[in-house]
Number of protein chains: 2
Amino acid sequence: MLEITPLLDRTSKEPLFVQLLSYIKKQIQIEKIRPGDKLPSKRKLANHLGVSLNTVENAYQQLNAEGYVQSIPREGFFVADIDEDWFNIRPVKRKEMERKTSNKKDMYKYDFNHGKVELDQFPYSVWKRLTLESIDKQQKEVFLNGDPKGEWSLRNEIANYLFQSRGVKCSPAQIVIGAGTQYLLHLLTMMLDPSYVYAMEDPGFHRTRRVLEDKGHLIRPIPLNKNGICIDTLRASDATITYVTPSHQFPTGIIMPIKRRIELLKWANEVNGYIIEDDYDGEFRYKGKPIPSLQGLDNWDRVIYLGTFSKSLIPSIRVSYMILPEHLLGNYENKLSVYKQTVSKLHQDTLQKFMKNGHWETHLNKMRRLYRRKQEVLISSINEYLKDNFEVIGEQSGLHILLSDYRRRSEQNLIQMAKEHSVKVYPTSIYYNAPHKINEHSILIGFGGINIENIHEGVRQLSKAWLD
Amino acid sequence: MLEITPLLDRTSKEPLFVQLLSYIKKQIQIEKIRPGDKLPSKRKLANHLGVSLNTVENAYQQLNAEGYVQSIPREGFFVADIDEDWFNIRPVKRKEMERKTSNKKDMYKYDFNHGKVELDQFPYSVWKRLTLESIDKQQKEVFLNGDPKGEWSLRNEIANYLFQSRGVKCSPAQIVIGAGTQYLLHLLTMMLDPSYVYAMEDPGFHRTRRVLEDKGHLIRPIPLNKNGICIDTLRASDATITYVTPSHQFPTGIIMPIKRRIELLKWANEVNGYIIEDDYDGEFRYKGKPIPSLQGLDNWDRVIYLGTFSKSLIPSIRVSYMILPEHLLGNYENKLSVYKQTVSKLHQDTLQKFMKNGHWETHLNKMRRLYRRKQEVLISSINEYLKDNFEVIGEQSGLHILLSDYRRRSEQNLIQMAKEHSVKVYPTSIYYNAPHKINEHSILIGFGGINIENIHEGVRQLSKAWLD
DNA sequence: GGGTATTTGTCCGTATGTATG
DNA sequence: TCATACATACGGACAAATACC
């Protein structure tokens, strides 16, 4: 006769039937109770344990639901034919994962990170107020699942802004909102025929390279000359889609002149392909006349435009967008409409209000001024300390510049020396298609995230690190 | 069998048991219920009406006290033998309480959408307050780009919850947060060797099929038997990864018993592959306790667990998560750490607070209760109107059931007939690997999004559409 | 082999503690 | 605070299956 004698704790917060349940489960697992065995009748067990019939019943029913036992009316409960060996396998040892201490960034006094942006200027109070309005007024609406392409009203604001500010011509219908440029690229490659061959600027934005490579594309690296991507090399390749950053080439900072832009558009039209224009920091231009976006120049609908609020507003709300040519909208509907929108509707709603009420324009102007000041401080500091030893590259726009060492010391060397003076600067070799082959002497200096007061001293430290 | 089906109004100031009481009284007065009749047992009626046992008990006790019925211990309640002429019998006019939906876009009065969830219950004020706190206290922190896997503090809360509630064993380091299950699946397939061969339940979740197909995988469809995915067929295939929904198979609602779970885990170990466990609605089980997860049974770290807050909390904040086996963490770091987190940090922070302060547990309990009530109303309505013509499948848990037509009329036919009565129901054929080959007679009925007051009438309309 | 007592799962009404609003 | 509702636990009635004489 099967003995079931769990230690029941009536004072425990755990209900009796749960205690009984887990006891029996364990007995089955350690083979004290074996497949085919008949469990004691509910009454007998209840009696034996001094609990109510219903308590046992609850436990038995749950065992039944989980498949451990099977009930045969008026006969009994029988242990199911499960593989009891399973539970005697020693679990793989699990190590306690400790949280990585993120003290690394504190090791540096001056961090010229690119990618990081200015956060102090973010209009917290306005954003907070609009967020509240969104939660309050909309309630249910805001928390429903919305349009997979993003809310129409927000797309409308974006279309207006882009036309005014970047010369982009599009209707809201062409805009697809998504959580980050990487994600949008992923969507884009899915909706395009896989037979397209991708090309990228070399050097170029590494995250884009990763997205495309991860999707199984072998990327044709196209070198740059002083005006950006080499059209001749591109033309000689078998590429049919090319990813470019014409406003401020990453990382070199080259601004693609209008002539090259038109050549590029012609190429796309000839090969019946596409240009992916990533305007990741096109809002920030400090000298010279603004050059219209490739998309705005395009008469053949060959440009897919990518933009983001991560640099200009705030990274953490994760709002980016892409603009599809009209003739690709059918593709989108066919292939991507099952993919749900990835940006929080609350943020979409808040952002739409933010733009509609003019806060966006105000904010953008403010940021432009601020970054220009930072950039000026950076450049003047460099002129003060590093002028004779380093060349500044790509200072016309964006949130970073390159410093090229006349002495041609290695990138890793320069970074290490800076580190010893508590200054963090960044490599450029990783942006090349074949990093190991590159002998790179340029250092990436971002000024988006660093405090304006620290720039001058940071550069002075760099001079001490690199010149002494 | 005596049918007692009052229209209960939970929003009314009148307590439920009072409503029930007066309804039964009236039924006795108009001789719908006659002397000597046995009232339904308290348990049965409670189940039928979707109310607690005690609610019925209160009503019955009051009837007893007033002399309408007599209680015979351990037998039942019997209507007392009173003079039938005692009451002035007047016909009760049944008013058609037609709630007109003013929304033009809602062509359907009754939409049994699966996927939609209850939004009225979302704790707006708490969420709003926590959102404010997050914006206020953290300021810069909250708007910075964070950990690509998601904030540690949130992952910690999720790990605790999953262990307690779903038996999932993991450390926060194994958790990856992302904007939706589809996106996480995309990440997952990227970090796994492309030579893995994917299998899915057939029928199975169509969005998953799309994600995998879009990534170029040819999916092996594995049929189901009554215990879920067929292990033999799976074993005979060349698959090395299989996607399953063991808690509540989509769409059939099968709960995978322990035996099949172990077989599945053994298979994964033998082929050195993985099981993707999508626990999309595992929180919602209506009889007994929730079934522990597959992940918790796994001793060899072959299970990748997927979960989401979209069903249980709110879809629009886009928070889902996956749990990787420890030995895959290296893969993640190598291949995916360049992919930025897609969930808004503000929402992550708010959610973390929400969970930490116990609101999550409260909310989950509330939702469980609500959905159970909805499900009970749905089932009892079906029993009332459709019992003889349709079989209910998968009613143990989740937010949907299947209705299988005994007459084997075509799916499209049934949907069309329902449409003519302004009821929207959904097909199941689309969840099959080769929909055109399927002759499907099951209809998908979701009850997550429909208002509880509309369920009964919606089913009644269905009966008119399908039976007249 | 047939009748009967016993055992069984299932269902029933009841009581108590606790969460919810 | 208080009414309401639910989870848990209790003891007994029923009919079917089984064991026993």
Side-chain angles (χ1 to χ4, degrees), chain A residues 1-2 8-21 37-65 69-78, chain B residues 1-2 8-21 38-65 69-78 120-121 123-126 285-290 358-373 375-376 452:
Chain A
M1 188 59 202
L2 211 50
L8 296 180
D9 179 6
R10 277 172 188 279
T11 65
S12 162
K13 230 185 91 183
E14 206 174 24
L16 281 181
F17 84 94
V18 175
Q19 296 180 44
L20 178 56
L21 169 67
D37 284 356
K38 179 172 177 300
L39 291 185
S41 86
K42 294 196 281 197
R43 227 167 302 265
K44 271 197 180 147
L45 187 55
N47 239 313
H48 176 63
L49 299 179
V51 299
S52 132
L53 214 167
N54 237 312
T55 307
V56 180
E57 172 157 351
N58 272 334
Y60 277 22
Q61 284 305 340
Q62 183 67 20
L63 285 170
N64 184 33
V69 305
Q70 223 177 343
S71 147
I72 301 179
R74 273 107 212 170
E75 255 191 80
F77 282 85
F78 298 88
Chain B
M1 186 61 201
L2 208 49
L8 296 180
D9 180 7
R10 280 176 185 273
T11 64
S12 161
K13 236 184 83 184
E14 203 175 27
L16 281 181
F17 82 93
V18 176
Q19 297 179 45
L20 178 58
L21 172 65
K38 178 176 180 296
L39 291 184
S41 86
K42 293 197 282 196
R43 232 168 284 265
K44 271 203 180 137
L45 187 56
N47 238 308
H48 176 64
L49 300 179
V51 300
S52 133
L53 216 162
N54 282 40
T55 307
V56 179
E57 162 146 4
N58 278 334
Y60 277 22
Q61 285 305 343
Q62 190 63 25
L63 284 171
N64 187 30
V69 303
Q70 221 180 340
S71 149
I72 301 180
R74 273 110 216 162
E75 254 189 82
F77 284 86
F78 298 88
D120 294 327
Q121 299 301 317
Y124 292 99
S125 60
V126 173
R285 182 174 158 73
Y286 306 118
K287 285 170 186 165
K289 289 167 59 72
H359 297 117
W360 167 239
E361 202 187 332
T362 309
H363 177 70
L364 199 55
N365 285 334
K366 192 199 223 170
M367 296 305 281
R368 233 189 298 253
R369 271 201 307 279
L370 174 63
Y371 286 137
R372 170 160 51 208
R373 280 212 300 273
Q375 204 249 18
E376 281 164 348
I452 193 164

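Just so we're on the same page: letters track the sequence lines, and every chain starts at 1.
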Which nucleotide wins on minimum distance to the side chain of R369(B), given the candidates dA9(D), dC6(D), dT10(C)?
dC6(D)
Can you list everything that forms a ring pair (Phe, Tyr, Trp, His ring centres under 6.0 Å) with Y371(B)? Sequence neighbours excluded, please.
F284(B)
My understanding is that only residues two or more places apart in sequence, or in another chain, count here; which of them pass side chain to side chain contact (heavy atoms under 4.5 Å, CB included) with L53(A)?
K42(A), R43(A), E57(A)
Counting only side-chain N and O atoms of R372(B), is one of them less than 4.0 Å from OP1 or OP2 of dA7(D)?
yes
Can you name the residues that form a ring pair (Phe, Tyr, Trp, His ring centres under 6.0 Å) with H359(B), not counting sequence neighbours?
F354(B)
Round to the nearest Å and state the distance from Y286(B) atom OH to dA7(D) atom C1'.
18 Å
Got a sec: does the CD of E361(B) have more than 12 other heavy atoms crowding it under 6.0 Å?
no
Using whole Å, what does the distance between atom P of nucleotide dA19(C) and atom CD of E361(B) come to?
10 Å
Using atom types as modelled and distance alone, determine if a side-chain donor or acceptor of Q375(B) lies under 3.5 Å from a backbone N or O of Y286(B).
no
What string of B, S and - do you get for nucleotides 15-21 of chain D, 5' to 3', when a contact is any protein heavy atom under 4.0 Å?
BBSS---
Can you tell me if K38(A) touches the phosphate of dT8(C), counting only side-chain N or O atoms and a distance under 4.0 Å to OP1 or OP2?
yes
Measure from CG on L8(A) to P on dT8(D) and round the result to the nearest Å.
15 Å
Whether K366(B) contacts dT20(C) is assessed here as follows: a side-chain N or O lying under 4.0 Å from the phosphate OP1 or OP2. Is that the case?
no
E376(B): salt bridge (charged side-chain N to carboxylate O under 4.0 Å, His left out) partners, not counting sequence neighbours:
none
Between L16(A) (CG) and dT16(C) (C1'), how many Å, whole number?
13 Å
Between dG21(C) (P) and H359(B) (NE2): distance, integer Å:
12 Å
F77(A) to S71(A) - nearest heavy-atom pair and separation
CE2-CB, 3.4 Å
Could you give me the CA-CA distance, side-chain angles and deciding distance for N54(A) and S52(A), then say whether side-chain hydrogen bond (donor to acceptor under 3.5 Å, both in side chains) is met?
CA-CA 5 Å; N54(A) 237 312; S52(A) 132; 5.2 Å; no
I want to check one thing: is the phosphate of dC10(D), taken as OP1 and OP2, less than 4.0 Å away from some side-chain N or O of R10(A)?
yes
Ordered by number, residues from residues 51-64 of chain A within less than 4.0 Å of DNA chain C (heavy atoms) are L53(A), N54(A), E57(A), Q61(A)
Measure the distance from NZ on K42(A) to P on dC10(D) and round it to the nearest whole Å.
15 Å
Atom CG of N365(B) and atom P of dG21(C): how far apart are they, to the nearest Å?
10 Å
Could you check how far CD of E14(A) sits from C1' of dA9(D), rounded to whole Å?
15 Å
Do any N or O atoms from the side chain of Q62(A) and from the backbone of K289(B) form a donor-acceptor pair under 3.5 angstrom?
yes
